[in-house]
Enquirer: 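Let me give you the structure first, and then I'll get to my questions.
Heavy-atom basis, side chains included; hydrogens, waters and symmetry copies ignored. Quantities reported herein were computed from a predicted structural model and do not represent experimental measurements. Count residues from 1 along the sequence.
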Amino acid sequence: MKVVLLAGGFGTRISEESQFKPKPMIEIGGKPILWHIMKEYSYYGFNEFIICAGYKQHVIKEWFADYYLHNSDVTFDFTKGNNDMIIHDRYCEPWKVTVVDTGLNTMTGGRIKRVQKYIGDETFMMTYGDGVCDVNISELVKYHKSHGKIATLTSVLLEQQKGVLDIGGDNAVHSFREKSALDGVPINAGYMVLEPKIFDYIEGDGTVFEKEPLKKLAAEGQLMSYSHKGFWQCMDTKREMDMLEKLIATNNAPWMVWNK
């Protein structure tokens, strides 16, 4: 199952870092937060990624182009008048990564729509490239397959300004509203599982995925919630970046399941 990662936004609320690189490429613990998210999925056996790039998309492409080199010991031998390069202790992740330039100003729904040809007619996963979580992704997929609806999103109970959900007793999402007051109700944490029919709900580049598509799915009873009681944290601000850094530095990063 492929994993779609939204990584094309401007990241204006963390401009101290995003003026130089896309927000998903901002590093925590010496690696881009995007890498941390991919490691989460990889831990559960999902290793094929489609990255929806946009703002400074070349930074993402160049980072992956050099990934193999950056994670190996290298000898540069000039003694014979040539630039001979010897790679030692070769290491790379078991990943297949497709980076797609989905446009500079394309909205979230539009970015997903633009990578449809790389997904095909199959179930896929999607999340945002700026939030880490210790959700059991295998259980999330299992839950999605059990209910037969078009979309499943992971919900967490946090007091933050994210997409707010009205979840019924049957775990069906009855309504969806984007960014309201801090009211301590379940919010959309991303980590979604989607059926290919989702593309029918996205009109084009101007479609904000969190607005009409999710609202329509909720109204039709096609949007389900997987409730996560554990850790989730987005990285919208420098303060949140520093908090994630501290968790890593103190060996207390719940999302780094591959280290446990």
Side-chain angles (χ1 to χ4, degrees), residues 3-7 9 11-18 20-47 49 51 59-60 63-64 67 70-72 89 91-95 97 125-143 152-165 182-193 225-260:
V3 182
V4 173
L5 302 171
L6 293 181
T12 52
R13 283 187 285 178
I14 191 169
S15 59
E16 306 97 317
E17 299 285 338
S18 63
F20 305 109
K21 62 184 70 172
K23 183 164 67 166
M25 297 305 292
I26 296 173
E27 294 185 356
I28 52 173
K31 296 285 189 182
I33 191 171
L34 184 68
W35 177 89
H36 286 260
I37 297 167
M38 294 169 72
K39 287 286 284 187
E40 295 172 50
Y41 281 98
S42 186
Y43 175 80
Y44 290 98
F46 301 101
N47 292 304
F49 301 94
I51 300 175
V59 174
I60 301 176
W63 192 84
F64 280 104
Y67 185 83
H70 288 173
N71 287 275
S72 303
D89 300 324
Y91 176 78
C92 61
E93 306 288 348
W95 296 346
V97 183
M125 288 181 281
M126 188 280 287
T127 197
Y128 305 99
D130 62 356
V132 287
C133 185
D134 64 351
V135 64
N136 186 316
I137 294 172
S138 294
E139 290 299 317
L140 168 64
V141 172
K142 181 179 178 181
Y143 174 73
T152 301
L153 54 76
T154 298
S155 62
V156 293
L157 189 63
L158 288 179
E159 293 186 352
Q160 294 200 24
Q161 290 181 312
K162 298 295 176 184
V164 177
L165 312 174
L182 301 179
D183 47 14
V185 296
I187 64 169
N188 170 25
Y191 290 84
M192 301 183 188
V193 188
S225 161
Y226 181 82
S227 179
H228 177 56
K229 307 298 184 184
F231 180 88
W232 172 83
Q233 180 62 54
C234 65
M235 190 182 70
D236 278 339
T237 65
K238 181 66 164 55
R239 181 187 63 82
E240 291 169 339
M241 185 188 83
D242 292 340
M243 184 192 73
L244 293 174
E245 280 276 17
K246 184 177 181 180
L247 289 174
I248 295 173
T250 57
N251 294 315
N252 192 32
W255 71 90
M256 296 180 70
V257 289
W258 60 90
N259 279 345
K260 298 178 180 178

Enquirer: Quick check: do K39 and M256 have side-chain heavy atoms less than 4.5 Å from each other?
Expert: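 No; the side chains remain at least 4.5 Å from each other.
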
Enquirer: Is a donor from one side chain sitting under 3.5 angstrom from an acceptor on the other, for H228 and D134?
Expert: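 There is such a pair (donor and acceptor under 3.5 Å, judged by atom type) between the side chains of H228 and D134.
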
Enquirer: CE/M243 to CE/M235 distance, rounded to the nearest 0.5 angstrom?
Expert: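 Going from the CE atom of M243 to the CE atom of M235 covers 10.5 Å.
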
Enquirer: Can you measure from SG (C234) to CD (E240) and round to the nearest 0.5 angstrom?
Expert: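 The distance works out to 4.5 Å.
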
Enquirer: Using the side chain to side chain contact (heavy atoms under 4.5 Å, CB included) rule, take Q233 and L247 through it: C-alpha gap first, then chi angles, then the decisive distance, then the call.
Expert: CA-CA 11 Å; Q233 180 62 54; L247 289 174; over 6 Å; no

Enquirer: Looking only at atom types and distance, does a side-chain atom of E245 sit under 3.5 Å from a main-chain N or O of G29, one as donor and one as acceptor?
Expert: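 Yes; at least one donor-acceptor contact below 3.5 Å.
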
Enquirer: Determine the minimum heavy-atom distance between D130 and I37, stating which atoms define it.
Expert: N-CD1, 3.9 Å

Enquirer: So M192 and N188, side chain to side chain contact (heavy atoms under 4.5 Å, CB included) or not? Walk me through it.
Expert: CA-CA 9 Å; M192 301 183 188; N188 170 25; 3.5 Å; yes

Enquirer: Of all the heavy-atom pairs spanning S42 and F49, show the shortest one and how long it is.
Expert: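 For S42 and F49, the tightest heavy-atom pair comes out as N-CZ, 4.5 Å.
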
Enquirer: Would a 4.5 Å heavy-atom cut-off, applied to side chains only, mark W35 and I28 as touching?
Expert: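 Not in contact.
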
Enquirer: Measuring from E40:CD to N136:CG, what's the distance to the nearest 0.5 Å?
Expert: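 It comes to 11.5 Å.
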
Enquirer: Grab the two heavy atoms, one from S138 and one from Y44, that are nearest each other, plus how far apart they are.
Expert: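 The pair with the smallest heavy-atom distance is OG-CD2, 3.3 Å.
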
Enquirer: Indicate yes or no: does D242 engage K246 in a salt bridge with an N to O separation below 4.0 Å.
Expert: no

Enquirer: Mind jotting down which residue pairs meet the salt bridge (Lys or Arg N to Asp or Glu O under 4.0 Å) criterion with at least one end in residues 248-258? Sequence neighbours excluded, please.
Expert: none

Enquirer: In the structure I gave you, are the side-chain heavy atoms of M125 and I137 within less than 4.5 Å of one another anywhere?
Expert: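 Answer yes - side chains close enough.
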
Enquirer: Do I60 and M25 pass the side chain to side chain contact (heavy atoms under 4.5 Å, CB included) test, and can you show the C-alpha distance, the side-chain angles, and the key distance before you say yes or no?
Expert: CA-CA 7 Å; I60 301 176; M25 297 305 292; 3.6 Å; yes

Enquirer: Can you name the closest pair of heavy atoms from P186 and L157 and give their distance?
Expert: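 For P186 and L157, the tightest heavy-atom pair comes out as N-CD1, 3.6 Å.
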
Enquirer: How close do S225 and S155 get, heavy atom to heavy atom, and via which atoms?
Expert: OG-OG, 2.8 Å

Enquirer: Set out, in order, the CA-CA distance, both residues' side-chain angles and the distance that settles side chain to side chain contact (heavy atoms under 4.5 Å, CB included) for K142 and E139, then state yes or no.
Expert: CA-CA 5 Å; K142 181 179 178 181; E139 290 299 317; 4.0 Å; yes

Enquirer: For the residue pair Y143 and Y226, categorise the inter-ring angle as parallel (less than 30°), tilted (30 to 60°) or perpendicular (more than 60°).
Expert: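 Rings of Y143 and Y226: tilted, 30 to 60°.
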
Enquirer: Near K31 NZ, under 6.0 Å, is it more than 12 heavy atoms from other residues, nucleotides or ligands?
Expert: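 Counting other residues, nucleotides and ligands, NZ of K31 exceeds 12 neighbours.
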
Enquirer: Mind checking the CH2-NZ spacing from W63 to K21? Nearest 0.5 Å is all I need.
Expert: 10.5 Å

Enquirer: What heavy-atom pair brings A189 and W232 nearest, and what distance separates the two atoms?
Expert: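 In terms of heavy atoms, the two residues are closest at O-NE1, 3.2 Å.
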
Enquirer: Is the shortest heavy-atom distance from the side chain of K23 to the side chain of D236 under 4.5 Å?
Expert: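 Yes; the side chains approach each other to less than 4.5 Å.
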
Enquirer: Nearest 0.5 Å please: distance from the OG1 atom of T127 over to the CG atom of L34.
Expert: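 Rounded to the nearest 0.5 Å, the OG1-CG separation comes out at 10.5 Å.
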
Enquirer: If I take atom CG from residue L153 and atom OH from residue Y191, how far apart are they, to the nearest 0.5 angstrom?
Expert: 13.5 Å

